[in-house]
Amino acid sequence: MRTATLGPAERTVALAAMAERELDVLVVGAGVVGAGTALDAATRGLSTGLVEARDWASGTSSRSSKLIHGGLRYLEMLDFALVREALKERGLLLERLAPHLVKPVPFLYPLQHKGWERLYAGSGVALYDAMSVSSGHGRGLPVHRHLSRKHALRVAPALKKDALVGALQYYDAQMDDARFVTELVRTAASYGAQVANAARVIGFLREGERVVGALVQDVEGGTEYEIRAKQVVNATGVWTDDTQGLIGERGQFHVRASKGIHLVVPKDRIHSSTGLILRTEKSVLFVIPWGRHWIIGTTDTDWDLDKAHPAASSADIDYLLQHVNSVLNTPLTRDDVQGVYAGLRPLLAGESDATSKLSREHTVAHPAPGLVVVAGGKYTTYRVMAKDAVDEAVHGLDQRVAACVTEDTPLLGAEGYKALWNARARIAARTGLHVARVEHLLNRYGSMTEEILELILADPTLGEPLPAADDYLRAEIVYAASHEGARHLDDVLTRRTRISIETFDRGTRSARLCAELMAPVLGWDEGRIDREVQHYEKRVEAERESQRQPDDLTADAARLGAPDIVPI
């Protein structure tokens with residue numbers, strides 16, 4: 001299998017190749033489902049294209065809780081099939097598909113009532129573990145355990161003594177959602193898929209009632225391409241209805257957006273060796289370990305404003321702080337919040353008025369000949385959604401097509417990762433990097449770490465950390481532009497790295513150096529560097545302003561004060 005390099009030249013070649021001859025499958029939207037669909041199609045031997053209007057995972061798929069989980073609360077809703085499916089996928093990702101990206105994470109569930117609650121919640125978590133093991137892919141995680149109050153407070157000293165009478169501890173998994181999607185896209189490309197970001201579908205091609213492709217605009221260059229395909233898959237998440245509107249076909253279902261916001265705080269603000277899961281009146285609240293930080297989320301509210309840049313309001317932030325502070329010894333304040341991000345869940349509407357009760361199941365439909373739509377679902381079950389979408393597309397292909405093989409197709413970086421992890425001390429000695437730096441690289445790039453090390457060998461200054469975001473090496477910024485398809489400074493600070501939410505300055509102090517590192521790869525001059533930096537600074541300023549607003553309407557208006565660097 002060849003390594004997929006997604007630099008500027010490869011993007012140009014991919015757009016031309018897609019327009020040159022008819023594809024079997026064209027996938028629209030490069031979130032986790034679209035990227036997974038492209039990988040599924042390519043690994044079945046189908047000629048495949050993938051186009052994305054902005055950046056890989058720039059919508060929902062970079063703004064999640066960053067969990068790979070079965071969904072304990074769906075057990076309470078008696079949705080056993082969804083939980084079983086998700087737990088199988090969790091196991092596959094941990095053990096086989098992406099062990100370099102997906103890691104176990106412990107959670108503590110405080111009990112607030114003696115007797116019945118331990119029996120009730122304990123039965124649910126025991127069932128959760130049993131379903132995981134019965135899936136055949138759940139033996140890698142520790143089983144849950146019951147803790148007394150005293151033991152729970154040793155594990156999580158940050159908790160108030162009167163906030164619990166005991167606790168349960170169980171395990172799920174987590175990953176960097178945007179990085180995961182980038183590796184999905186690169187893996188699809190390594191199997192022959194043609195992929196291009198900043199490539200927007202502005203219309204569909206039709207022959208009578210049949211959809212036969214899409215008119216795609218290079219957002220940056222303005223060139224339009226007619227890309228013909230036997231089947232087009234619409235995997236645009238919360239934009240599903242908008243995309244369907246381009247051909248006047250809404251389809252059999254409606255996708256509704258639910259906003260979830262998350263706060264990022266430094267690790268030292270909450271003294272705990274485990275994540276937390278807390279009940280709220282509407283749903284659950286997670287406190288998730290995230291390197292040198294905690295992620296606190298999420299909210300669950302209806303959203304019908306700008307989909308590209310959902311805004312977190314002051315009320316959203318207060319809601320999360322209020323709920324997490326109800327169990328903490330030392331309350332968090334606004335000053336403790338390093339980063340804030342908001343995302344939209346694509347939910348299938350019609351079941352209930354409350355978004356927290358809308359379905360997390362997914363649906364695949366064929367609303368017009370030549371067009372498949374996939375929507376809904378959970379991040380964890382992206383591979384199943386992708387399989388179902390390609391299965392549906394195959395019905396419209398006049399040829400025999402192999403069955404799905406993605407259950408046995410590791411992502412780039414997975415093969416050889418464990419051996420390299422075992423050799424990390426030798427790699428550190430060979431390269432001169434500290435072993436902690438090598439571990440950081442291996443857990444972000446897996447066996448692709450060798451490509452980063454080659455950049456550092458060619459230019460040792462790239463082995464230095466960024467001064468204002470020293471978790472990251474300069475080489476990672478160059479690599480994002482040369483190998484991972486980053487086109488703009490925002491792509492790097494927000495998605496290829498997490499500098500935008502992991503620093504109190506939200507990346508503004510790193511912006512110029514990062515732009516200068518990207519410039520030689522992308523052919524930027526000084527004027528373009530200035531423009532990228534100014535755009536990023538305005539974006540951060542607009543986000544901060546939105547987070548001071550009292551409600552969604554005013555927050556949305558404030559966030560839209562910073563235009564996209566390339567209008568979409």
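The analysis underlying the following values was restricted to heavy atoms, covering all of them including side chains, and did not include hydrogens, waters or symmetry mates. Values in this document were obtained by computation on a predicted structure and should not be read as measured data.
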Taking the side chain as C-beta and beyond, is there a heavy-atom pair between R512 and D530 under 4.5 Å? yes
Could you give me the CA-CA distance, side-chain angles and deciding distance for Q547 and E543, then say whether side chain to side chain donor-acceptor pair (under 3.5 Å) is met? CA-CA 6 Å; Q547 290 154 21; E543 285 184 347; 4.9 Å; no
Is it true that R200 and D218 make a salt bridge, defined as a side-chain N closer than 4.0 Å to a carboxylate O? no
Report the C-alpha distance between D459 and R474 in whole Å, list the side-chain angles of each, state the deciding distance to 0.1 Å, and finish with yes or no for salt bridge (Lys or Arg N to Asp or Glu O under 4.0 Å). CA-CA 10 Å; D459 180 358; R474 298 178 187 213; over 6 Å; no
Heavy atoms of P8 and A481 approach each other most closely as CD-O, 4.0 Å
Passes side chain to side chain donor-acceptor pair (under 3.5 Å), T494 versus R539? Steps please. CA-CA 11 Å; T494 308; R539 196 206 89 169; 2.7 Å; yes
Ignoring hydrogens and geometry beyond distance, is a side-chain donor-acceptor pair present between H69 and T380 at under 3.5 Å? no
Taking atom types as modelled and ignoring hydrogens, do the side chains of S313 and D551 form a donor-acceptor contact shorter than 3.5 angstrom? no
Backbone of E183 reached by a side-chain donor or acceptor of E484 within 3.5 Å: no
Pair R496 + E476: basic N to acidic O under 4.0 Å: no
Using a 4.5 Å cut-off on heavy atoms from C-beta on, say whether the side chain of P99 contacts that of L94. no
Y170 and Y109: aromatic ring centres closer than 6.0 Å? no
Going by the salt bridge (Lys or Arg N to Asp or Glu O under 4.0 Å) test, which pairs reach into residues 306-324, not counting sequence neighbours? D242-K307, K259-D316, D318-R334
Any salt bridge linking D177 with R498? Criterion: basic side-chain nitrogen under 4.0 Å from a carboxylate oxygen. yes
Can a side-chain donor-acceptor contact be found between R559 and S546 if the only test is distance below 3.5 angstrom? no
Would you mind reporting whether I68 and D172 have side-chain heavy atoms less than 4.5 Å apart? no
Test item: S258 side-chain N/O and D302 main-chain N/O as donor-acceptor pair under 3.5 Å: no
Heavy atoms only: give me the nearest A515-V533 pair and the separation to one decimal. CB-CG2, 4.0 Å
Any salt bridge between K538 and E532, counting N to O under 4.0 Å? no
Does L466 reach the side chain of I499, with side-chain heavy atoms less than 4.5 Å apart? yes
I'd like to know if the side chain of T298 pairs up with that of R345 as donor and acceptor (distance under 3.5 Å, no hydrogens or angles considered). yes
Can a donor-acceptor pair be found, under 3.5 Å and without considering hydrogens, that links the side chain of D556 to the backbone of L553? no
Below 4.5 Å, heavy atoms only, C-beta onward: do L305 and P310 meet side chain to side chain? no
Has T236 got a side-chain atom pairing as donor or acceptor with G29's backbone, closer than 3.5 angstrom? no
Has D336 got a side-chain atom pairing as donor or acceptor with L332's backbone, closer than 3.5 angstrom? no
Would you compute the distance between atom CG of D55 and atom OG1 of T182 and round it to the nearest 0.5 angstrom? 6.5 Å
Are any side-chain N or O atoms of R54 and backbone N or O atoms of N197, one a donor and one an acceptor, separated by less than 3.5 Å? no
For residues A35 and L184, report the shortest heavy-atom separation together with the two atoms involved. CB-CB, 3.8 Å
Whether W421 side chain and L442 backbone form a donor-acceptor pair below 3.5 Å: no
Rounding to 0.5 Å, atoms CZ (R90) and CG (L67) come to a distance of 11.0 Å
Closer than 3.5 angstrom, by distance alone: can the side chain of R11 be matched with the main-chain N or O of G7 as a donor-acceptor pair? no
What heavy-atom pair brings A156 and L276 nearest, and what distance separates the two atoms? CB-CD2, 4.4 Å
So that I know where these two stand, are H488 and Y536 an aromatic pair - ring centroids less than 6.0 Å apart? no
Is it true that a side-chain atom of E52 and a backbone atom of A30 form a donor plus acceptor pair closer than 3.5 Å? yes
Chi angles and distances behind the salt bridge (Lys or Arg N to Asp or Glu O under 4.0 Å) call for E537, R531: CA-CA 10 Å; E537 289 172 345; R531 183 175 167 227; over 6 Å; no
Looking at Y341, does the NZ or CZ of K66 lie under 6.0 angstrom from its six-membered ring centre and within 45 degrees of the ring axis? yes
Can you check side chain to side chain donor-acceptor pair (under 3.5 Å) on Q169 and T274, steps first, answer last? CA-CA 9 Å; Q169 188 174 47; T274 178; 3.2 Å; yes
Is K418 atom NZ crowded by more than 12 heavy atoms from other residues, nucleotides or ligands, each under 6.0 Å away? no
May I ask you to decide whether E545 forms a salt bridge with R548, counting only side-chain N to carboxylate O separations under 4.0 Å? yes
Sidechain-backbone polar pair: S482 side chain, V521 backbone, donor-acceptor under 3.5 Å: no
If you define the side chain from C-beta out and look only at heavy atoms, does anything of V105 sit under 4.5 Å from P289? yes
How are the rings of Y379 and Y382 set to each other: parallel, tilted or perpendicular (split at 30° and 60°)? perpendicular
Quick one: pull up CD in Q217 and OG1 in T223 and give me the separation to the nearest 0.5 Å. 8.5 Å
Give the C-alpha distance, both sets of side-chain angles, the deciding distance and a yes or no for side chain to side chain donor-acceptor pair (under 3.5 Å) between E502 and H293. CA-CA 7 Å; E502 291 176 346; H293 309 84; 4.5 Å; no
Hey, is R495 close enough to D491 for a salt bridge, meaning N to O under 4.0 Å? yes
So which atom in F504 and which in D335 form the shortest heavy-atom distance, rounded to 0.1 Å? CE2-O, 3.5 Å
Between L441 and L473 the two heavy atoms that sit nearest each other are CD1-CD1, 4.1 Å
R426 atom CZ, over 12 foreign heavy atoms within 6.0 Å: no
